[in-house]
Amino acid sequence: MVDVPPWQLRAAFARSLSDMYGTEVPAYTTLLDVSHQVNADVVARLGADAERLGSIGRVTAERHGAIRVGTPREMAQLARIFGAMGMYPVGFYDLREAASSAVPVISTAFRPIDAEELALNPFRVFTSMLAPSDRRFFSPDLQRRLETFLGKRELFPPELLRLADRAEADGGLSGADAERFLELATASFELSAEPVDRAWYDELEAVSAVAADIGGVTTTHINHLTPRVLDIDDLYARMEQRGIRMIDDIQGPPRWEGPDVLLRQTSFRALEEPRTFRMPDGSVEMGSLRVRFGEVEARGIALTRKGRALYDDAVAAADERSRGLSAAERQDTAREVWRRAFPTSEAVLAAQGLAYFTYRADGEDVVAEPIVYEDFLPRSAAGIFQSNLTAEGSKDTSQEGAAFDADWMAGALERDLHDPFELYARQSEASLREVAQQHGTTPDEIVSNLEVRA
């Protein structure tokens, strides 16, 4: 008998991870406290306009996690675990290309794909996999030893995988099985107390701190857990006022007077956490690692392919003009570029087909409401990763990179890899057809006469 459907498993897992991570990383609890304060202040100041991209209940509950694994087998097992919670792989991200330093991973994101499921609980997990076959980072000998090491470990107990498969097949679990599933799933992402092989970890860290975090240990762990905030610039300032050191930049579009689009992210810097190390002589010593950090995000409107091309061009132009500038100067420069590149109203975004909206009838009028961006930006993700690295690592650009793409990822996961643009377009077009039918007209006529609520 099914007592706990996938969305309730998803919501309970997000809460369980958050409680666990707050115990392991106390600064994360501070981040949550500040996020709640900022959100409450924004709602008090703006009222209903603060909930234009999601109710405050949804925003408060919203989290995204980040997990790193080493092999296609481990990725496929994660797909089964997340599938039990109604989360599907969406998008392909190549951080090897997005990062200037050594970040040898490819990624996807597991999340709900239906608007109704997202409204119930929008938990999403950015999931990265190491690419040992990429010769820019790993020699043939290191690849062989790394794959041997990864092939021997078991990240997820068989009982957890059996429960995951049952939940996905049956559409949920009984109460007792749900409790056991959540217990095993949460434990799989706790930081292990097992001593780390110092020499092996150091060898991988010389290539990439991310590679060491993935392949230098026998377990995995939640790398960061991200709340959503309505004013990320205010949060950044408040965290610094509390003495918590933030990374230099807020990644993504600049703060400006126009519509919020896509995703803005920042984090507090990775903290030194005590770990035990097994030394080459077999002794065990105390030390520390900096691998986990506290990320926070602000979400905007989902852009169409045309809008995304405009965004990418604006990013490139801002980068070109910002070289050698301070963080504040980079933001000012980005704002100047944005004002020339992007419309300053939702109405123009909709009219020019630059962003996704849903449509509803309001008497004789048709109102367009923005669709929130549910996904990630490889450049921003790479920027967060880089800002928290202990060193740049090594990347031999004279070597040929290994070929990975969305089709490869779908094959590794043995699941369809959803295209985020298609998901947004499907949601928008369905609402447009419904409103057109109600008004006895065509979708094209609705769009041409659209009035977007400010």
Side-chain angles (χ1 to χ4, degrees), residues 4-18 35 39 48 50-67 78-79 81-93 107-127 167-168 171-172 225-230 252 259-265 295-304 308 346 355-360 367-377 381 415-434:
V4 185
W7 81 264
Q8 290 184 348
L9 284 175
R10 184 168 71 248
F13 182 58
R15 288 193 300 270
S16 180
L17 273 186
S18 189
S35 296
N39 289 343
E51 299 183 271
R52 186 135 176 80
L53 290 169
S55 70
I56 189 60
R58 171 188 159 151
V59 170
T60 300
E62 194 159 343
R63 298 286 185 277
H64 100 241
I67 293 169
L78 275 175
I81 294 169
F82 293 134
M85 295 180 270
M87 301 164 68
Y88 304 91
V90 179
F92 176 79
Y93 306 92
S107 311
T108 189
F110 292 92
R111 68 166 178 89
I113 58 175
D114 295 323
E116 296 80 7
E117 285 288 315
L118 285 161
L120 287 168
N121 183 273
F123 184 55
R124 56 183 79 80
V125 181
F126 190 81
T127 306
E168 192 166 16
L225 200 59
T226 303
R228 181 176 165 191
V229 71
L230 297 175
D260 293 328
V261 299
L262 297 177
L263 178 69
R264 301 182 72 209
Q265 298 168 281
E295 185 176 311
V296 64
E297 65 191 16
R299 292 190 171 268
I301 305 171
L303 297 181
T304 63
R308 184 58 182 272
E346 290 180 7
Y356 291 106
F357 295 81
T358 55
Y359 302 87
R360 64 176 176 83
V367 175
E369 296 177 327
I371 297 177
V372 67
Y373 186 64
E374 305 286 356
D375 297 288
F376 298 91
L377 301 172
R415 292 169 185 252
D416 291 336
L417 191 70
H418 297 273
D419 183 323
F421 291 103
E422 292 177 3
L423 295 177
Y424 298 125
R426 190 183 310 158
Q427 182 182 354
S428 178
E429 290 163 3
S431 69
L432 186 60
R433 286 194 300 270
E434 182 177 347

Practice task
Mind listing the closest non-hydrogen atom pair of Y356 and T304 along with its distance?
Solution key: CE1-CA, 3.4 Å

Exercise for the section: With sequence neighbours excluded, tell me which residues meet side chain to side chain contact (heavy atoms under 4.5 Å, CB included) with P6. Expected result: none

Exercise for the section: For residues F123 and L225, determine if any side-chain heavy atom of one lies less than 4.5 Å from a side-chain heavy atom of the other. Expected result: yes

Problem - side chain to side chain contact (heavy atoms under 4.5 Å, CB included) against Y88, all qualifying residues, sequence neighbours excluded - result: I113, H418

Completion exercise
Nearest heavy-atom approach of G91 to T108 is O-OG1, 2.6 Å

Problem - Set of salt bridge (charged side-chain N to carboxylate O under 4.0 Å, His left out) partners for D114, sequence neighbours left out - result: none

Fill in the blank from the handout: Smallest heavy-atom separation, P89 atom then L417 atom, equals CB-CD1, 3.5 Å

Handout entry: Contacts of S18 that satisfy side chain to side chain donor-acceptor pair (under 3.5 Å) - sequence neighbours left out
Key = Y28

Exercise for the section: Considering only NZ, NE, NH1 and NH2 on the basic side and carboxylate oxygens on the acidic side, decide whether R52 and E346 come within less than 4.0 Å. Expected result: yes

Problem - Any residue meeting side chain to side chain donor-acceptor pair (under 3.5 Å) with S107, in chain and number order, not counting sequence neighbours - result: S128

Exercise for the section: Give the intermediate values and the outcome of side-chain contact (heavy atoms from CB on, under 4.5 Å) for residues V372 and I301. Expected result: CA-CA 5 Å; V372 67; I301 305 171; over 6 Å; no

Handout entry: Check: V90 and L423 side chains under 4.5 Å, non-hydrogen atoms
Key = yes

Handout entry: Shortest non-hydrogen contact from Y373 toward L263
Key = CD2-CB, 4.1 Å

Exercise for the section: Supply the atom-to-atom distance E51 CD to N39 CG, rounded to the nearest 0.5 angstrom. Expected result: 10.5 Å

Practice task
Could you list the residues that satisfy ring pair (Phe, Tyr, Trp, His ring centres under 6.0 Å) with F376, not counting sequence neighbours?
Solution key: H64, F126

Problem - By salt bridge (charged side-chain N to carboxylate O under 4.0 Å, His left out) - contacts of E374 (at least two apart) - result: R58, R124

Problem - Under the side chain to side chain contact (heavy atoms under 4.5 Å, CB included) test, residues paired with P5 that sit two or more places apart - result: W7, Q8

Problem - Heavy-atom pair of closest approach, residues A167 and L9 - result: CB-CD1, 4.3 Å

Exercise for the section: Using side chain to side chain contact (heavy atoms under 4.5 Å, CB included) as the criterion, list what pairs up with A79, not counting sequence neighbours. Expected result: F110, L413, R415

Fill in the blank from the handout: All heavy atoms of G300 vs all of L53, minimum pair found to be CA-CD1, 3.7 Å

Practice task
Determine yes or no for a side-chain-to-main-chain donor-acceptor pair under 3.5 angstrom, with R10 supplying the side chain and E117 the backbone.
Solution key: yes

Practice task
Find out whether Y359 and V367 are in side-chain contact, i.e. whether some heavy atom of one side chain is under 4.5 Å from a heavy atom of the other.
Solution key: no

Handout entry: side-chain contact (heavy atoms from CB on, under 4.5 Å) between T358 and L432, intermediate numbers included
Key = CA-CA 7 Å; T358 55; L432 186 60; over 6 Å; no

Problem - Residue pair R308 / F421, side-chain heavy-atom distance below 4.5 Å - result: yes

Problem - Qualifying residues under side chain to side chain donor-acceptor pair (under 3.5 Å), relative to S16, sequence neighbours excluded - result: T186

Practice task
Sorted by first residue and then second, give each side-chain hydrogen bond (donor to acceptor under 3.5 Å, both in side chains) pair with at least one member in residues 420-433; sequence neighbours left out.
Solution key: D375-Y424

Fill in the blank from the handout: With sequence neighbours left out, the residues meeting salt bridge (charged side-chain N to carboxylate O under 4.0 Å, His left out) with R228 are E62

Exercise for the section: Indicate yes or no: at least one non-hydrogen side-chain atom of M87 is less than 4.5 angstrom from one of R111. Expected result: no

Practice task
Kindly say whether V261 contributes a backbone atom to a donor-acceptor pair with the side chain of R264 at under 3.5 angstrom?
Solution key: no

